[in-house]
Amino acid sequence: MTQTQPNVVKLLKPFGIDETIVSIKNFGNGHINDTLKVETVNNCYILQRINHLIFTDVDKLQHNIEIVTSHIRQKLEETGEKDIMRKVLIFLPTNQGKTYYFDGENYWRVCYFIDNSCSYDEITPSLSYEAGKAFGKFQKLLSDIPDGTLTETIPNFHNMEFRLKQFYEALQNGQPNRIEEVKDLIDAIEQRASHYCLQEKLYREGKLIKRINHCDTKVNNILFDSQTNEVLCVIDLDTVMPGFVLSDFGDFIRTAGNTGAEDDPNLDRVGINLNIVKAYAKGYMEEAHSFLTDTERDLLPYGAALLTYMQTVRFLTDYLNGDTYYKIQYPTHNLVRTKAQFKLLQSIETHLEDIASFINA
Ligand code: ADP
Ligand code: GN1
Ligand code: MG
């Protein structure tokens, strides 16, 4: 945890849990929330502290998640799914009827730990294929949620024009020494700015629609059966919101299709891993071909570059602002992340035709 260890017994009470606790473990390595696995004599739970500086309207956030999980549950019931407890997250209500609890300082939520499940931080082509199917199916399951039902839990989250506006504000108000230090990166971002605002332009022209996306398509946001490796469910639902379809293709390529790490200090290790991209494209298209428009499909390779460009801009903006958003482990962490994302972007930009061939295979 980033804070002192919470009083887990006290936090579980409002959710109606007063079983004896057997163990408490830190879980996950996200940049935003804090996750604990809590085992009691009868059950196992995930307890999460919601970062309310980032998700500023926790009530709306949890409302979105409740709609998404019940929609998926209903779809699974309709198809006669037997193992529903393991195929969609179940959040526990408090005695106030909310799926979160405010302790006066922090917001907390609890869901059941899915038995015999695991997640992976390392990728392989076969996991990538499964992930493509899982995220494609996730978008498909949610594609009939009526417009206006879900809110943007972080307004303009994957809006490139908005991210560039934040970047330009950081150039005005950020730390002067840092701005000076990264002049070349700033130039590279500015040169590409209009190219990477195509989605917003097409949307205004009525040529691109919005749909529900996961918006954080990392392989560790999928739970697999720890024995059979079958996909169980998609998790980490905070950023499920309306937006453009490229998010869920592009962000997976950005996170999994990198031969190096997101914060790799050795840029020689960073580049696009085409085997991973090929496998993801295959799995994703198997599910998504039924709902993608021609425009969306044609834009998928561009989406891989766009999401990587967006993350470059977001990491650099945070660096210029003095590291107020992402958790960092050392002072130049956001700069190292920016350089690695930019290297990945350059690599993706030279392989757009390969990516298109995988999508159209
Ligand atoms: P974050 O990415 O913000 O740390 P996640 O919700 O993705 O938070 O959870 C972190 C990790 O905890 C996941 O990658 C997964 O391994 C595990 N996890 C989360 N929820 C569950 C669950 N209900 N059952 C089993 N494992 C879970
Ligand atoms: C954050 O929670 P985590 O670490 O999966 C961020 C994503 C970024 C990512 C960088 C709410 O995700 O948008 O892509 O870090 N989530 C939020 O890897 O900003
Ligand atoms: Mg996660």
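All values below come from the heavy atoms of this structure, side chains included, with hydrogens, waters and symmetry mates left out. Atoms within each ligand, like the ligands themselves, are counted from 1 in listed order.
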Residue part near ligand 1, for [X], under 4.0 Å between non-hydrogen atoms:
| X | result |
| --- | --- |
| Phe113 | both |
| Asp34 | neither |
| Leu223 | side chain |
| Lys37 | neither |

Closer than 4.0 Å to some heavy atom of [X] - which atoms of ligand 1 meet that?
| X | answer |
| --- | --- |
| Ile46 | 18 (N), 19 (C), 20 (N), 21 (C), 22 (C), 23 (N), 27 (C) |
| Ser117 | 25 (C) |
| Asn221 | 7 (O) |
| Cys111 | 23 (N) |

Does any non-hydrogen side-chain atom of [Y] lie less than 4.5 Å from one of [X]?
| X | Y | result |
| --- | --- | --- |
| Leu36 | Gln48 | no |
| Ile212 | Phe138 | no |
| Glu200 | Phe244 | yes |
| Val8 | Lys13 | no |
| Ile355 | Ile348 | yes |

Would you be so kind as to tabulate the donor-acceptor pairs closer than 3.5 Å made by side chains of residues 119-126, with sequence neighbours excluded?
unit_1 : atom_1 : unit_2 : atom_2 : d
Tyr120 : OH     : Asn229 : OD1    : 2.6
Asp121 : OD1    : Asn220 : ND2    : 2.8
Thr124 : OG1    : Leu127 : N      : 3.1

Can you tell me which residue and heavy atom of the protein come closest to [atom], and the distance to 0.1 Å?
| atom | result |
| --- | --- |
| atom 14 (O) of ligand 1 | Asn220 O, 2.8 Å |
| atom 4 (O) of ligand 1 | Gly30 N, 3.3 Å |
| atom 16 (O) of ligand 1 | Ser119 OG, 2.6 Å |
| atom 13 (C) of ligand 1 | Ile235 CD1, 3.5 Å |
| atom 10 (C) of ligand 1 | Gly28 CA, 3.6 Å |
| atom 12 (O) of ligand 1 | Phe27 CD2, 3.2 Å |
| atom 1 (P) of ligand 1 | Asp236 OD2, 3.7 Å |
| atom 23 (N) of ligand 1 | Tyr112 O, 3.0 Å |

Checklist entry - Any salt bridge between Glu349 and Arg192, counting N to O under 4.0 Å? => result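 Looking at Arg192 together with Glu349, the answer is yes, because their closest N to O distance falls below 4.0 Å.
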Checklist entry - For Ala261, does its backbone N or O pair with a side-chain atom of Arg269 as donor and acceptor, under 3.5 Å? => result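 No; zero donor-acceptor contacts below 3.5 Å.
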Under 6.0 Å between the ring centres of [X] and [Y]?
| X | Y | value |
| --- | --- | --- |
| His333 | Phe315 | no |
| His52 | Phe55 | no |
| Tyr280 | Tyr129 | no |

Checklist entry - Tyr107 vs Tyr100 aromatic rings, parallel, tilted or perpendicular, using cut-offs 30° and 60°? => result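 Answer is tilted, since the angle falls between 30° and 60°.
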Checklist entry - Of all residues at least two apart in sequence or in a different chain, which pass the side chain to side chain donor-acceptor pair (under 3.5 Å) check with Ser347? => result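 By the side chain to side chain donor-acceptor pair (under 3.5 Å) rule, Ser347 matches no residue at all.
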Checklist entry - Does at least one non-hydrogen atom of Leu89 fall below 4.0 angstrom from an atom of ligand 1? => result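 Within the 4.0 Å threshold, so yes.
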Return the minimal non-hydrogen interatomic distance between [X] and [Y], and the atom names on each side.
| X | Y | result |
| --- | --- | --- |
| Phe249 | Ala281 | CE1-CA, 4.1 Å |
| Thr317 | Gln166 | CG2-O, 3.7 Å |
| Ile222 | Phe135 | CD1-CE1, 3.5 Å |
| Cys111 | Leu89 | SG-CD2, 4.3 Å |

Item to check | Given Val88, Leu142, Asp144, the one that forms side chain to side chain contact (heavy atoms under 4.5 Å, CB included) with Lys75 | outcome: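 The side chain to side chain contact (heavy atoms under 4.5 Å, CB included) with Lys75 is passed solely by Asp144 among Val88, Leu142, Asp144.
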Next on the checklist: Just to be sure I'm reading this right: ignoring hydrogens, which of Arg109, Lys25, Gln48, Arg49 gets closest to atom 9 (O) of ligand 1? Compare them by their nearest heavy atoms.
Outcome noted: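 It is Gln48 that holds the nearest heavy atom.
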Next on the checklist: Strictly under 2.8 Å of the Mg ion (ligand 3): which protein N/O/S atoms qualify?
Outcome noted: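 The answer, once waters are left aside, is Asn221 OD1, Asp236 OD2.
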Checklist entry - Do Lys37's NZ or CZ and the ring of Tyr45 fall within the cation-pi criteria of under 6.0 Å and 45°? => result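 Not flagged: Lys37 not positioned over aromatic ring of Tyr45.
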Next on the checklist: Is there a polar contact, in the sense of an N or O pair closer than 3.5 Å, between Ile114 and ligand 1?
Outcome noted: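 N/O-N/O distance under 3.5 Å: yes.
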Between the protein and ligand 2, are there any N or O atom pairs that come within less than 3.5 Å of each other, and if so, what are their names and distances?
unit_1   : atom_1 : unit_2 : atom_2 : d
ligand 2 : 4 (O)  : His31  : N      : 2.7
ligand 2 : 4 (O)  : His31  : ND1    : 2.5
ligand 2 : 4 (O)  : Lys218 : NZ     : 3.3
ligand 2 : 5 (O)  : Asp216 : OD1    : 3.3
ligand 2 : 5 (O)  : Asp216 : OD2    : 2.8
ligand 2 : 5 (O)  : Lys218 : NZ     : 2.9
ligand 2 : 13 (O) : Arg314 : NH1    : 2.8
ligand 2 : 14 (O) : Arg254 : NH2    : 3.0
ligand 2 : 14 (O) : Gln311 : OE1    : 2.7
ligand 2 : 18 (O) : Lys218 : NZ     : 3.0
ligand 2 : 18 (O) : Arg254 : NH2    : 3.3
ligand 2 : 18 (O) : Glu262 : OE1    : 3.2
ligand 2 : 18 (O) : Glu262 : OE2    : 2.4
ligand 2 : 19 (O) : Arg314 : NH2    : 2.8
ligand 2 : 19 (O) : Tyr325 : OH     : 2.5

